[in-house]
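The next block holds one structure in the form of structure tokens; read it before the comments.
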Amino acid sequence: MSSTDERRDIVIVGGGIIGCCSAYYLTRHPSFDPSRHSVTLIEASEIAGGASGKAGGLLAQWAYPSNIVPLSYKLHAELAKEHGGKDRWGYREVKCGQLIARGRTLSDKKEATGGEAGSSVSLQKRSADALAKLKKARVPQDLDWIEPDLLRGYESMSDPGETAQVHPYLFTTSIAKLAEEKGAKITLGSVTGIGYSGDAVESVSYTDKETGEARTIPATDIVVAAGPWTRSVMPNAPISATRAHSVVIRPTRPVSGYTLFTNIEIPANFDPSKPSRPTVAQPEIYARPDETVYACGEGDHVVPLPATTADVEVDEARCQDIINQVGSVSDELRDGQICARQACYLPNVAAARGGPLVGHAGTKGLYLAAGHTCWGIQNAPGTGKVISEFVFDGQAKSAKISSLDPRNYL
């Protein structure tokens with residue numbers, strides 16, 4: 001372990017939430033001294049350009065792995081309190097449940113009554129009859145934006161204080177700014193290689209995004225937090241990529257704060273233009289405090305990982321499937337405005353039972369923080385905190401994470 005009074009040049013590869021939280025906590029570690037220590041974050045395209053800007057943003061005490069979740073969940077609450085996260089990045093506690101429903105075919109539109117094109121109806125509260133149906137299916141009364149006739153069941157997945165949410169793009173970009181305020185430097189460029197001297201890291205080479213010039217900067221410590229792109233700088237890391245599509249919808253009226261894991265029975269010939277058999281869809285639906293609703297579908301491996309987040313292809317048909325599925329159980333979503341159709345790649349750990357890999361990577365001064373699957377936003381503050389401890393203290397102090405040791409797999 002190097003002494004903290006010597007010169008340290010810390011370089012972070014990757015400007016997603018893991019890299020940004022690592023920069024944040026490194027600049028706030030008690031040993032960090034900006035006169036002797038530099039923190040440079042290198043990002044290929046833009047901060048939060050990948051999954052960190054396009055995730056759902058669910059935080060849950062029951063997420064995995066259990067050795068880092070409680071620390072990270074607690075740090076989320078502390079960050080929000082300290083930096084006004086409620087207003088800055090939409091931090092709030094939220095209800096979470098599993099919803100079983102039967103979808104309607106696309107042509108099955110319930111006729112609205114009264115008002116200009118039914119606009120007055122969508123703002124009215126449910127009728128007594130509809131509320132009775134919700135009660136029968138044991139559905140909370142304020143979950144009144146799912147059609148009661150279509151509901152088959154609801155099961156709460158959290159008690160108060162067990163689930164919360166953030167807006168991932170706003171959270172990631174805010175944390176990056178807060179790291180910069182304490183001295184971290186953000187550089188846009190594609191990392192091309194890590195230089196070694198004997199058994200220690202020595203430098204990072206990258207291509208500057210603006211000028212296209214090749215540059216090399218000295219490094220005593222390198223944190224690789226490149227998500228699904230980790231193998232481009234650490235070819236032996238067992239990190240693979242899964243593409244995920246999502247949409248953002250502005251519903252016809254503001255809806256209550258629920259995050260829903262759904263099981264929707266899709267009827268035969270759901271879409272009149274495509275003859276089909278009955279099937280089941282499981283989109284996740286997250287109401288957000290900015291009065292939008294985020295929904296995501298299943299992952300795919302159809303298109304291999306592109307060079308950068310800027311090159312990710314969006315399959316419009318997959319996005320439309322998600323829009324149709326969530327619209328089949330909610331008028332508010334079906335008749336809402338589509339704000340975004342997007343795709344990103346999630347990093348998976350190929351060799352382990354789930355991710356992530358966090359800690360020393362076998363060479364002096366080299367650390368890995370990647371493979372967070374769908375819980376990257378949830379586990380980022382905890383990961384950033386322990387990475388700052390690995391760099392300055394030589395080991396993780398805030399959580400017992402030996403099972404996440406990258407050296408078990410490299």
Q.
If you take the centroid of each ring, where Trp contributes its six-membered ring, are His167 and Tyr91 closer together than 6.0 Å?
A. no

Q | Nearest-0.5 Å distance, CD1 of residue Ile222 to CD1 of residue Ile194 | A | 4.5 Å

Q) Between Arg36 and Asp33, does at least one N-O distance fall below 4.0 Å, as a salt bridge requires? A) yes

Q. Is the backbone of Ala23 close enough, under 3.5 Å, to the side chain of Thr27 for a donor and an acceptor to pair up by distance?
A. yes

**Q.** salt bridge (charged side-chain N to carboxylate O under 4.0 Å, His left out): pairs with one or both residues in residues 80-95, sequence neighbours excluded
**A.** Lys95-Asp142

**Q.** Residue that, paired with Tyr24, satisfies side-chain hydrogen bond (donor to acceptor under 3.5 Å, both in side chains) out of His83, Lys177, Lys385, Glu180
**A.** His83

Q. Can you tell me how far the CZ atom of Arg102 sits from the CG atom of Asp149, to the nearest 0.5 Å?
A. 8.5 Å

Q | Under 3.5 Å: donor-acceptor pair, side chain of Asn348, backbone of Ala350 | A | no

Q | N/O donor-acceptor pair under 3.5 Å between Glu43 side chain and Gly15 backbone | A | yes

**Q.** Carboxylate-amine/guanidinium contact Lys364 Asp199, below 4.0 Å
**A.** no

Q) Roughly how far, to the nearest 0.5 Å, is NE2 of His245 from CD of Glu313? A) 8.5 Å

Q) Any chance the side chains of Ser158 and Thr163 put a donor and an acceptor closer than 3.5 Å? A) yes

